[in-house]
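Below, each value reflects all heavy atoms present in this structure, side chains not excepted, and no hydrogens, waters or symmetry copies. In what follows, every chain begins at residue 1, and chains take the letters A, B, ... in the order their sequences are listed.
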Amino acid sequence: MPRVLCVAEKNSIAKAVAGILSGGRSSRRDSPSKYIKNYDFTFDFPFAGTSSVTMTSVAGHLTGLDLDQAHGWGKCPIPQVFDAPIVDIRTKDQQKMAENIKRECRNADYIMIWTDCDREGEYIGWEIVQTAIQASRSLQGNVFRAIFSHLEGGHILHAARNPARLDQRAVDAVRTRMEVDLRSGVAFTRFLTELLGSKVERDLGQRNNQRPIISYGTCQFPTLGFVVDRFERIRKFVPEKFWYLVVAIPNGTDTTVFQWERGHLFDRFAVAVIYELCLETSRNLANVSDIKSKPTTKYRPLPLTTVELQKNCSRFFKMSAKTSLDAAEKLYQKGYISYPRTETDSFPSNMDLQSLVEQQVSDNRWGSYAQSLLTGSTSNRFKWPRAGKHDDKAHPPIHPIVSSGTGLDNENEKKVYEYVTRHFLASCSEDSKGHSTTMTLQWGNEYFTANGIVVLERNFLDVYVWMKWETTKQLPNLNLGQEVELSSYLMKEGQTSPPNQMTESELILLMDANGIGTDATIAEHIEKIQQRNYIKKKKVNKQIYLIPTTLGISLVHGFEAIGLEDSFAKPFLRRQMEVDLKLICEGNKDRAEVVNDFITKYQEYYGLTSTKQNKLIEIYTDIKSVM
DNA sequence: GCAAGGTC
């Protein structure tokens, strides 16, 4: 019987796919790596007929990239880093995984790659193939690739029966990013550390007498840039005075305030003239010029992505992105929730979501809500979730798998589980419905509005307890055209206020929107620039803000002074990289061309930076003296 | 001692 080796990106996929292809009749063996199991069964592949199959996996990348030995730190002039030879290396864990692949493919006739169907997965697939060929050259022409985007049985069977090939363009794109990130990161990290490390060490007065690393990374710097940018906008903020009109009418024992349709104006004289005109024309009398009444909706949340989970755990629980992702990872390993790193915000149409809701019926916090979704008498019955526009082609939205019951004792895991579950139930609910009334008053020739909301059906809000939507005070009962006596009519003064300091939730949003990092790495970059002492957390009242340090501010302004602001502290260069990687994937540029473009750019930046290195030192010294 | 990206 022909032998086929299948390799997935992680054990959870290998296990699930083996279960489906074997019809639940696979047998499991251990491997040299504790993260990895091998599953044996038979399956009828179109390219081989009925075959003896081993399904295994790696755990992420199987190799890493580094400069060769001769170009280690201190062993060569830094600019050589831009064209030094690059070698593939393996950590201890990766060696064990590779050993398993080599051992399992020795007798194999075919290899089929089952890594995630995204760019990075394609590269990992390539790493697996390279490793396999080292052990068995005859496999070379017998490599297939399964195309799948979720783990539903029919879909996986279809993928097994319709093998494709690895996409070399995607492999090239990833290799390009790796090489550019490595060379630029290593070169500028060594340069900045040599230039500023000892100085910063003296200023920090560190206990361990270790020269700190002043690193550059293609994601670290734009992330720092966002934080410094906000800090500077606040520091440079000059409040501006403005003036506005506001009127109120009696409403029972209280009053209702109407806001000026013009908002506010920065010209005091103009507002005063308008005010006088209104007084002359209408004294204290106004007319109800418009009443608009319409149904209004508060939408249930979209299916949950990693970025959304991190933003909301930061907002709702003041948890750092790293903490919430770590907790989610643990919950995934324990089998409570689905894979936690996903960009997908719509569920595959054939998923059985109702039975996932059913799992939650036993919980004493939201069980009765789950029950009412399935069988309740209200109009808030199970409703298929909204579909967002993102699909990473690898993982479904994050959702609970089984009820945690009382099985969790870690506080962070408890909170994240509760968030994932309430979010899931909310996404399977009806939108919240209300009624909104807007009343407009005309006073003189000016218009003023007041708004009232009545919440009619709370629906998903009953389970999504962190979101507020309340019925407001009711508007006075008046008819269109009716004349009313104003209880107050005032000209007021106000002033513009600076933006708030950056929260972690906002930083995640900015990184995501600008393509800095991925769902799996955004949290790490934020951690990293704290470790590097570029930013720090500061607690004000109950809010936690991210504030740049002297060093962080100096680096951004230093590169600004050199003329490299846009390339270093802004997201543009990273975005350009993404654009070029797409072009490689589409076959419109090749790897050598893009690597060469970027490395040439970085060599120029390096030349400029070393010529003007005194600027970096001066600016650091200046900023330190005023902070 | 350096990057970013996977995953545990």
Rounding to a whole Å, what distance do you find between A/I124:CD1 and B/dT7:C1'? 8 Å
Any base atoms under 4.0 Å from A/M577, or only sugar-phosphate, or nothing? Heavy atoms, all strands. nothing
Need one value for A/R119: base, sugar-phosphate or nothing, where a base atom within 4.0 Å counts as base even if backbone is also close, heavy atoms only. nothing
Within the 4.0 Å heavy-atom criterion, would you say A/Y123 contacts the bases, only the backbone, or no part of the nucleic acid? nothing
Base, sugar-phosphate alone, or nothing: which one does A/G64 contact when heavy atoms must sit under 4.0 Å apart? nothing
Which is more 5' along DNA chain B, the nucleotide nearest A/D66 or the one nearest A/R574? Just name the residue. A/D66
Quick one: on DNA chain B, does A/C219 or A/S12 contact a more 5' nucleotide (nearest heavy atom)? A/C219
For A/Q94, answer base if it contacts any base atom (sugar-phosphate contacts may also be present), sugar-phosphate if it contacts only those atoms, and nothing otherwise; contact means non-hydrogen atoms under 4.0 Å. base
What parts of residues 165-189 of chain A reach DNA chain B, counting only heavy atoms under 4.0 Å away? A/R177, A/M178, A/D181, A/L182, A/G185, A/V186, A/T189
Roughly, in whole Å, what's the span from CZ in A/R341 to C1' in B/dC8? 9 Å
Figure out the CG/C1' separation between A/L581 and B/dG5, and round it to whole Å. 12 Å
Under 4.0 Å between a side-chain N/O of A/S215 and OP1 or OP2 of B/dA3, yes or no? yes
A/R532 has a side chain; which of B/dC8, B/dC2, B/dG1 sits nearest to it? B/dC2
Using a distance-only test with no angle check, is there a side-chain donor-acceptor pair under 3.5 angstrom linking A/N100 and A/T56? yes
Euclidean distance, atom CD1 of residue A/I529 to atom P of B/dA3 [Å, nearest integer]: 13 Å
For A/F144, is the NZ or CZ atom of A/R165 found under 6.0 angstrom from the centre of its six-membered ring and inside 45 degrees of the ring axis? yes
Would you kindly say whether A/Q130 and A/Q134 are connected by a side-chain donor-acceptor distance under 3.5 Å? no
Over all strands shown, is A/L62 touching base, sugar-phosphate only, or nothing at heavy-atom distances under 4.0 angstrom? nothing
How is A/E9 classified with respect to the nucleic acid when contacts are heavy atoms under 4.0 Å: base, sugar-phosphate, or nothing? sugar-phosphate
For the pair A/F568 and A/Y605, name the ring-plane relationship: parallel under 30°, tilted 30 to 60°, perpendicular over 60°. perpendicular
For A/F191, which contact category applies under a 4.0 Å heavy-atom criterion: base, sugar-phosphate, or nothing? nothing
Establish, yes or no, whether the cationic atom of A/K334 lies under 6.0 Å from the six-membered ring centre of A/Y417 and within 45° of the ring axis. no
For A/Y216 and B/dA3, do the ring centres fall under 5.5 Å apart while the planes stay under 30° apart? no
Would you say A/T521 reaches B/dG5's phosphate, i.e. side-chain N/O to OP1/OP2 under 4.0 Å? yes
For atom NE2 of A/H61 and atom C1' of B/dG5, their distance in whole Å: 4 Å
Classify the ring geometry between A/Y339 and A/Y332 as parallel (under 30°), tilted (30 to 60°) or perpendicular (over 60°). perpendicular
Rounding to an integer number of Å, can you tell me how far A/I89 CD1 sits from B/dG5 C1'? 13 Å
Separation of B/dA3 atom P from A/Y534 atom OH, nearest Å, is 9 Å
Carboxylate-amine/guanidinium proximity below 4.0 Å for A/R574 and A/D181: yes
Is any side-chain heavy atom of A/L62 closer than 4.5 Å to one of A/R90? yes
Has A/Y332 got a side-chain N or O lying under 4.0 Å from the OP1 or OP2 atom of B/dT7? no
Rounded distance (nearest 0.5 Å) linking atom CD of A/Q603 with atom CG of A/N596: 8.5 Å
Does B/dG5 have OP1 or OP2 sitting under 4.0 Å from an N or O in the side chain of A/H525? yes
When you check the phosphate oxygens OP1 and OP2 of B/dG1, does a side-chain N or O of A/Q210 lie under 4.0 Å from one of them? no
